[in-house]
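A short worksheet on the structure shown next.
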Amino acid sequence: MIEKIREVEEEVITKAIIRKTMEDWINLAETDVVVVGAGPSGLTAARFLAKAGLKTVVFERRLSFGGGIGGGGMQFHKVVIESPADRILREIGCRLEPIEEGLFITDATEMMAKLACGAIDAGAKIILGVSVEDLIYREFPLRIVGVVIQWSSVMMAGLHVDPLAVKAKAVIDCTGHDAEVIAVASRKIPELGVTIKGEKSMWASRGEDLVVRNTREIVPGLFAAGMAVAAIDKTPRMGPIFGGMLLSGEKVAQLVIEKIKGK
Ligand code: 48H
């Protein structure tokens, strides 16, 4: 027997979407943490932040999450993870196959889906199709207090539409190779004294180690994680091995939690 599908008036759909979206947006206009970019570092950071009870929103330019994970290694659908980052994936039920002692491989699609699920289930909001195009700052002391956002589609169309702003106690640049948010700080708030040196050529193990080690608060209120850190510091790229991105996301979350909650 075929179940009868419920009938619905079109305006009911429209009103529900608008009402519930606006409730969310009013709530997120002032938040604890804005994570920019839903790649491996951003999704991991969002999960740990939300788990610690911080109101966390991830703005992602594209209409999908996962960042560079989906491309695997040269579009082969697998990525490699080294210990101790396997712990982070096990916690969210991502299946790993050992390839050598302390080295694992997984499907790119499984990893991106489960990282996103992990962040959402912990309570983070992921908003797709929104780009962070600028920062909000204050003086005395000089600090970052939020982000300026725009629909990615508006930016792609080249339309002149004024953006909106979201206040946050901490902003995390998880935008990958271009360190886009830090680049804005460097270009538009020169008194911060931030420079982006650009990443170095490949040396996988060293790149992984330095990305995690150098994950930090770059200027008051603005943190960096993942590949953005390598771009700021001119440390080596690492290719399709992702443990460093996950551990960097976990570390930045710890730093932000310590700053906001004082522990
Ligand atoms: C909103 C934005 C904006 C913006 C960008 O590139 P990602 O995957 O970043 P990471 O650092 O989490 O991971 C890096 C990894 O994927 C990688 O590229 C590696 C390991 N490379 C090694 C190598 O040798 O090449 O994700 C960044 C996300 C993307 O989804 C962007 O669309 C998004 O950020 N994004 N979102 N506002 N201004 N800029």
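Reckoned from all heavy atoms, side chains included, excluding hydrogens, waters and symmetry mates. Throughout, numbering of the chain's residues begins at 1 and tracks the sequence. Indexing begins at 1, ligand by ligand and atom by atom, following the structure's order.
- Of the listed residues (G249, S41, S201), the one carrying the non-hydrogen atom nearest atom 10 (P) of ligand 1 is S41.
- Checking only distances, F242 never comes within under 3.5 Å of ligand 1, N or O to N or O.
- Backbone and side-chain nitrogen or oxygen atoms of R237 are examined, and one is located within less than 3.5 angstrom of a nitrogen or oxygen of ligand 1.
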Which donor-acceptor pairs under 3.5 Å do side chains of residues 142-157 form with protein atoms, sequence neighbours excluded?
unit_1	atom_1	unit_2	atom_2	d
R143	NH1	E139	O	3.4
R143	NH1	P141	O	2.9
Q150	NE2	V161	O	2.7
S152	OG	R61	O	2.7
S152	OG	G129	O	3.2
S152	OG	S131	OG	2.9

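- Looking at H177, M238, E199, R61, it is H177 that brings a heavy atom closest to atom 17 (C) of ligand 1.
- For the side-chain hydrogen bond (donor to acceptor under 3.5 Å, both in side chains) with K55, the lone residue among T31, D32, N27 that qualifies is N27.
- Of all protein heavy atoms, the one closest to atom 16 (O) of ligand 1 is G68 CA, 3.3 Å.
- No part of F65 comes within 4.0 Å of ligand 1, judged by heavy-atom distances.
- L247 and R87 make their closest contact through CD2-NH2, 4.0 Å (heavy atoms, listed as atom of the first residue, atom of the second, distance).
- Neither the backbone nor the side chain of D178 comes within 4.0 Å of ligand 1, counting heavy atoms alone.
- The shortest N/O to N/O separation between I241 and ligand 1 does not fall below 3.5 Å.
- Residue V132 has at least one N or O atom closer than 3.5 Å to an N or O atom of ligand 1.
- By the criterion of a heavy-atom distance under 4.0 Å, the backbone of C174, and not its side chain, is placed next to ligand 1.
- Note on ligand 1: L43 sits outside its first shell, no heavy atom being nearer than 4.0 Å.
- The closest side-chain donor-acceptor pair between D107 and T109, if any, does not fall under 3.5 angstrom.
- Residue M227 touches ligand 1 through backbone and side chain together, judged by heavy-atom distances below 4.0 Å.
- Counting heavy atoms closer than 4.0 Å to ligand 1, residue E133 contributes nothing at all.
- Comment: R213 does not engage D233 in a salt bridge, judged by the lack of any side-chain N to carboxylate O separation of less than 4.0 angstrom.
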